[in-house]
Chemist: 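Got a structure for you, questions after.
Chain letters run A, B, ... following the sequence lines, proteins first, then strands; residues in each count from 1. The figures here come from the full heavy-atom set of this structure, side chains too, leaving out hydrogens, waters and symmetry mates. All of these numbers come straight from a predicted model, not from anything done at the bench.
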Amino acid sequence: MRKTAALLGAGALMATGAALALPASAADDATVYILHGVPGATVDVCVNGSVLLDDFTPGTLTPAQSLPAGTYTVKVVASDAANCDATALIGPADIPVEAGKNYTIAAHLKADGSLTATPFENDTSAAPAGQGKVTVRHIAANAEGVEVVASGTSLGTFNNGGQIGPASLPAGTINAEVKAGGTVVASSDVPVTAAKNTIVYAWGDPAASPSTFAFAVQTVDLGHSAPSGVPGGESGSAAATVPGWVFAAAGLGLAGAAVSGRKLATAKK
Amino acid sequence: MSPRTRATAILVASVALVLGSFVAWVMLRDQGVGHDLAQVTAARTAVEDRSQRSEPRPQPPVAPPAEPAVATITGGLVDATVIPAPAAVTPPQRVSIPSVGIDLPIIDTGVAPDGQMELPDDPGLVGWYRFGPLPGDPTGSAVLGGHVDSIEYGVGPLSRLPSVQPGADVMVTAADGRLLRYQVRSVERIYKAALPVDRIFAPDGPHQLTVITCGGRFLGTGLGYEDNIVVVAVPAQGATP
């Protein structure tokens, strides 16, 4: 987008900036990422009429944006467009975001190769201690009904706009594969990190020449979970032993009891 | 006083001595650990109070703008097509508590299939919980845990953990050889079923080192001990971090 338009936009933002600069309570905000999943098209992303992303390149993910809950009008224009009023490549689409939720809005190809934007809600709920989650999303063209295979296990098939998971898995590495008609069209090792949701996107177009079908990955923090306890010992040999003075004192008491008991018996006679 | 009365009195006193000596032992034993439990609880309450004070004051309700403007994102963009490599973390090397003669190598451990913290089989080793903070991290609780004893290896050095006194030095040799100095803040014996795991394994908050093993009554093979011994140490003053 042209510098002048950006500067004008900046001026307009400064006018409204005071209100935005106030840290809103986190509970009232939504967390939003934006993923560019359209191969070969550098674009500008406009939100509510102003530029959110200038010269956004394919395969790029934004950092987490904390936005007040509400409905945002998202419009994607060509990167050389004069301003946000230019002809839309995607949208304008009204995308509602709710407080306390976490989203990735993906700009991507539909099954037929046309463009769209899909808001996915990201799971941030805690996995068991030592585990992470894996989510797989389909945002690719010409790849309906592809099969997802994780470390040799089929997770089923899905279509454009679909999602498999999230599934909780022990931290480590899995091999993720997408198969079309039994043929592997994408394969990669993907780390599963404890307390993180690893989201794998299958994007691009396997029918393009050459194929632009590929994986993109983002990670989202999960809630924390602790181990259920600490075991700590097994034989019992470190259990507290009775010290000698206890036996000494008890022995003295027993002796006293014996002597006095006999005296008592004698006195009875 | 008749001989009979005197003999009865001595008998009663003797029986009292037998029972009393055991009662005294149990009471003294239980006093040994958790001497500053009240202090710890008080400190924790103070921390909680502080956190409550720092909560943002309720803001007067502001009508949300119909179309909130957004600022242009200028940094922090990442290339999502680069699949991240698994994070490799090297565990710290050693932990020592010189006042009770503990000096043990550290290995990294995770979570056992039953959901508890995984511990090294050998009570001569200490496990660092790899899904939590590292000793020397700026925040959170770095947890070191070990068995107090084992059927195969016998009683380990962590059996001396209950004797650690508040203020004692705890040293951790980090993976890179740095010596991290901590000072014991509390020694607690906590009933296992009531172990505050969220506090012990806290991923954030002020940084501390937590050394944990078992203690108290032995409930039998397979059941282990009734309690955990939990030593909390904080970075020593003037030390890094």
Chemist: At a 4.5 Å cut-off on heavy atoms, which part of A:L67 comes close to chain B: side chain, backbone, both, or neither?
Modeler: side chain
Chemist: Between A:T173 and chain B, which part of the residue has a heavy atom less than 4.5 Å away: side chain, backbone, both or neither?
Modeler: side chain
Chemist: Can you tell me which portion of B:D114 sits under 4.5 Å from chain A's heavy atoms? Options are side chain, backbone, both or neither.
Modeler: backbone
Chemist: What part of A:Q131 lies closer than 4.5 angstrom to a heavy atom of chain B: side chain, backbone, both or neither?
Modeler: neither
Chemist: Which one, B:G215, B:P203, B:G224, B:G145, leads in non-hydrogen pairs under 4.5 Å with chain A?
Modeler: B:P203
Chemist: Within this structure, what is the OG1-CG distance for the pair B:T72 and A:L53, rounded to the nearest 0.5 Å?
Modeler: 8.0 Å
Chemist: Using heavy-atom distances under 4.5 Å, tell me whether A:F56 contacts chain B through its side chain, its backbone, both, or neither.
Modeler: side chain
Chemist: Report which part of B:L119 has an atom under 4.5 Å of a heavy atom belonging to chain A: side chain, backbone, both, or neither.
Modeler: side chain
Chemist: To the nearest 0.5 Å, how far apart are CG in B:D79 and OG1 in A:T60?
Modeler: 6.0 Å
Chemist: Who wins among B:L219, B:L77, B:D149, B:T74 for the most heavy-atom pairs under 4.5 Å with chain A?
Modeler: B:D149
Chemist: What part of A:P128 is in contact with chain B, defined as an atom under 4.5 angstrom from a non-hydrogen atom: side chain, backbone, both or neither?
Modeler: neither
Chemist: What are the two closest non-hydrogen atoms of A:P191 and B:P86, and how far apart are they?
Modeler: CB-CA, 3.7 Å
Chemist: Give, as side chain, backbone, both or neither, the part of B:A112 having an atom under 4.5 angstrom from any heavy atom of chain A.
Modeler: neither
Chemist: Just so I know, are the side chains of A:S228 and B:Q116 near enough to count as touching, which here means a heavy-atom distance under 4.5 Å?
Modeler: yes
Chemist: Counting only heavy atoms closer than 4.5 Å, note whether B:F131 contacts chain A via side chain, backbone, both or neither.
Modeler: side chain
Chemist: What option among B:D198, B:V155, B:T213 has the most heavy-atom pairs under 4.5 Å with chain A?
Modeler: B:V155
Chemist: Can you check whether A:V45 reaches B:I73 side chain to side chain, under 4.5 Å on heavy atoms?
Modeler: no
Chemist: Can you tell me how far the CD1 atom of B:I83 sits from the OG1 atom of A:T198, to the nearest 0.5 Å?
Modeler: 10.0 Å
Chemist: Identify which of B:V148, B:L223, B:I200, B:V230 forms the greatest number of heavy-atom pairs closer than 4.5 Å to chain A.
Modeler: B:V148
Chemist: Would you indicate whether the side-chain heavy atoms of B:C214 and A:V230 approach each other to under 4.5 Å?
Modeler: no
Chemist: Which pair of heavy atoms, one from B:V197 and one from A:A226, lies closest together, and at what distance?
Modeler: O-CB, 3.5 Å
Chemist: Is chain A contacted by the side chain of B:V111, its backbone, both, or neither, given a heavy-atom distance below 4.5 Å?
Modeler: side chain
Chemist: Can you tell which part of B:Y129 gets under 4.5 Å to a heavy atom of chain A, answering side chain, backbone, both or neither?
Modeler: side chain
Chemist: Which atom pair, heavy atoms only, marks the closest approach of A:P63 to B:G76?
Modeler: CD-O, 3.4 Å
Chemist: Let's test your reading of the structure: which of B:S159, B:G110, B:P84 forms the most heavy-atom pairs below 4.5 Å with chain A?
Modeler: B:P84
Chemist: Within the supplied structure, the quantity of interest is the number of heavy atoms (other residues, nucleotides, ligands) at a distance under 6.0 Å from B:D121 CG; does it exceed 12?
Modeler: no
Chemist: Please look at A:A129 and chain B and tell me whether the side chain, the backbone, both or neither of the residue comes under 4.5 angstrom of a heavy atom of that chain.
Modeler: both
Chemist: Tell me, side chain or backbone of B:P123 under 4.5 Å from chain A's heavy atoms, or both, or neither?
Modeler: neither
Chemist: I need the minimum non-hydrogen distance between B:L195 and A:G229, along with the two atoms involved.
Modeler: CD2-CA, 4.2 Å
